[in-house]
Amino acid sequence: SAWTPALGEWTHLALTYDGANVITHRNGVVENTYPQATGPIDAQTPSLKFGNIPSFSYANVALDDVRVYNRALSAAEVSRLYLRGGGWQYRKKITIDKTKVGATLTDFPVLISRTDSDLQGKAQASGNDILFTAADGTKLSHEIEKYVSATGELVAWVKVPSLSATANTDVYMYYGEAGASDQQNKTSVWSNGYAGVWHLKEDPSGTAPQMKDSTSNANHGTSAGVMTSGDQVAGKVGGSLDFDGCSGCGLDDLINAGSGSSLDDLGPLTYSAWIYPKSIGEGNFAKIIAKDTAGTVGLVQLALTHSNSA
């Protein structure tokens, strides 16, 4: 599996072969799967070597805790190897109530929002060592939207493989590893049918594009109008943006997320957002999400309007 290593820090690598597929893992997460011809690996004569293949390639690394198993470990087992070797000191079980799940969900991003004094005192100030696993130990993709080390406030999205409406689902939060690098895998959280996800937690007066798309589509948004740092306000989940709704007064705030291929020519689609209205907005027709230009007909927009407005 080819990837650019992070120099100057420890990385856990694993490779498994189950007789049909070679699977590579990095830091407890499956990287790639390569179908192979079935059967045992035919390499009885060469010696097992560490650090090089003679006359071909030498490694310039520090190497530790080498293991060879006579079976293919599961993804959960590889994940546990990483966690134990990494030195995570603490974990907590988080139970997702089945009564809050309307139907069985697959690869669903679950919001974990809590203020935890243990995180305050035992996790890294950056939150880099915070990670989540399924009950069997499989490492789960997550994105941290907000972490305040001084209070232990955490807002994170965790991609849970399966949520049941008939039984509670347990996940585990690990923390307390001073040497850990950032454990997030943001884009993987939002890989199940998302064209764009904007948490709107960034400073709109910063360097463009300010509003980051958490998906791999990178539909980052650029602020326009007169948006200042003061327009970043507390939201329903983490931060949010305050739009003034007043083009006539020269404060025509908006975010332009462009016209990337993942946003164009959508047939079936869904718009979704939390809003906190202060008025219906300019002209009694406030566009919340829209992909159009003035006078364009046939494109979809989400807006607020009075019931008697044209």
Side-chain angles (χ1 to χ4, degrees), residues 4 6 109 111-113 115 119-120 123-130 141-159 180-191 194-264 271-279 281-282 286-293 301-302:
T4 301
L111 173 64
I112 304 293
S113 181
T115 297
L119 290 177
Q120 175 189 9
Q124 289 185 24
S126 62
N128 279 350
D129 59 331
I130 297 172
S141 298
H142 78 280
E143 177 188 14
I144 294 177
E145 181 173 342
K146 181 181 182 181
Y147 177 60
V148 182
S149 176
T151 62
E153 180 186 3
L154 174 69
V155 178
W157 298 92
V158 181
K159 185 178 182 180
S181 57
D182 189 358
Q183 299 298 302
Q184 296 181 84
N185 189 354
K186 300 177 183 180
T187 58
S188 178
V189 176
W190 309 102
S191 61
Y194 295 90
V197 173
W198 301 266
H199 299 302
L200 304 183
K201 61 186 177 65
E202 296 84 6
D203 182 348
S205 68
T207 302
Q210 300 90 344
M211 300 299 119
K212 303 305 182 185
D213 174 13
S214 290
T215 76
S216 61
N217 298 312
N219 295 308
H220 305 312
T222 298
S223 64
V226 184
M227 299 199 78
T228 68
S229 297
D231 288 320
Q232 174 52 236
V233 297
K236 176 69 174 178
V237 181
S240 71
L241 289 182
D242 182 31
F243 294 84
D244 56 60
C246 179
S247 63
C249 59
L251 299 174
D252 45 345
D253 295 348
L254 64 86
I255 298 297
N256 187 340
S259 184
S261 59
S262 64
L263 300 177
D264 284 347
Y271 289 158
S272 172
W274 284 98
I275 67 169
Y276 188 90
K278 295 172 287 184
S279 71
E282 190 174 44
K287 292 183 180 180
I288 307 301
I289 306 172
K291 195 173 188 299
D292 65 354
T293 56
Q301 58 190 8
L302 177 64

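Throughout, residue positions are numbered sequentially from 1 according to the sequence presented.
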Taking atom [atom1] of [X] and atom [atom2] of [Y], what is their separation to the nearest 0.5 Å?
X: Ser216; Y: Lys186; atom1: OG; atom2: NZ; result: 14.0 Å
X: Leu154; Y: Ile130; atom1: CG; atom2: CD1; result: 5.0 Å
X: Trp274; Y: Ile288; atom1: CH2; atom2: CD1; result: 14.0 Å
X: Ser191; Y: Asn217; atom1: OG; atom2: CG; result: 10.5 Å
X: Gln184; Y: Ser141; atom1: CD; atom2: OG; result: 10.5 Å
X: Ile144; Y: Asp182; atom1: CD1; atom2: CG; result: 7.0 Å

Sub-3.5 Å donor-acceptor pair from the side chain of [X] to the main-chain atoms of [Y], do we have one?
X: Gln124; Y: Ala180; value: yes
X: Gln120; Y: Ala150; value: yes
X: Asp213; Y: Gly196; value: no

Give the minimum heavy-atom separation between [X] and [Y], together with the two atoms involved.
X: Ala208; Y: Thr222; answer: CB-CG2, 3.7 Å
X: Gly230; Y: Val233; answer: O-CG1, 3.5 Å
X: Trp198; Y: Gly221; answer: NE1-N, 4.3 Å

Applying side-chain contact (heavy atoms from CB on, under 4.5 Å) between [X] and each of [options], report the one that passes.
X: His142; options: Ile112, Val158, Asn185; value: Val158
X: Asp253; options: Asp242, Asp231, Leu241, Thr228; value: Asp231
X: Ser223; options: Gln210, Met211, Glu202; value: Gln210

Steps toward side-chain contact (heavy atoms from CB on, under 4.5 Å) verdict (Ser240, Leu200): CA-CA 5 Å; Ser240 71; Leu200 304 183; 5.5 Å; no
Which residues share a ring-ring contact (aromatic ring centres under 6.0 Å, His included) with Tyr194, sequence neighbours left out: Trp190
Going by side-chain contact (heavy atoms from CB on, under 4.5 Å), name the residues that satisfy it together with Leu254, two or more places apart in sequence or in a different chain. Ala224, Asn256
Using side chain to side chain donor-acceptor pair (under 3.5 Å) as the criterion, point out the one residue from Lys212, Lys146, Glu143 that pairs with His199. Glu143
When Asn219 is tested against each of Ser262, Ser261, Ser259, Ser214 for side chain to side chain donor-acceptor pair (under 3.5 Å), which residue passes? Ser262
Do Leu111 and Trp157 have side chains that get closer than 4.5 Å, going by heavy atoms? yes
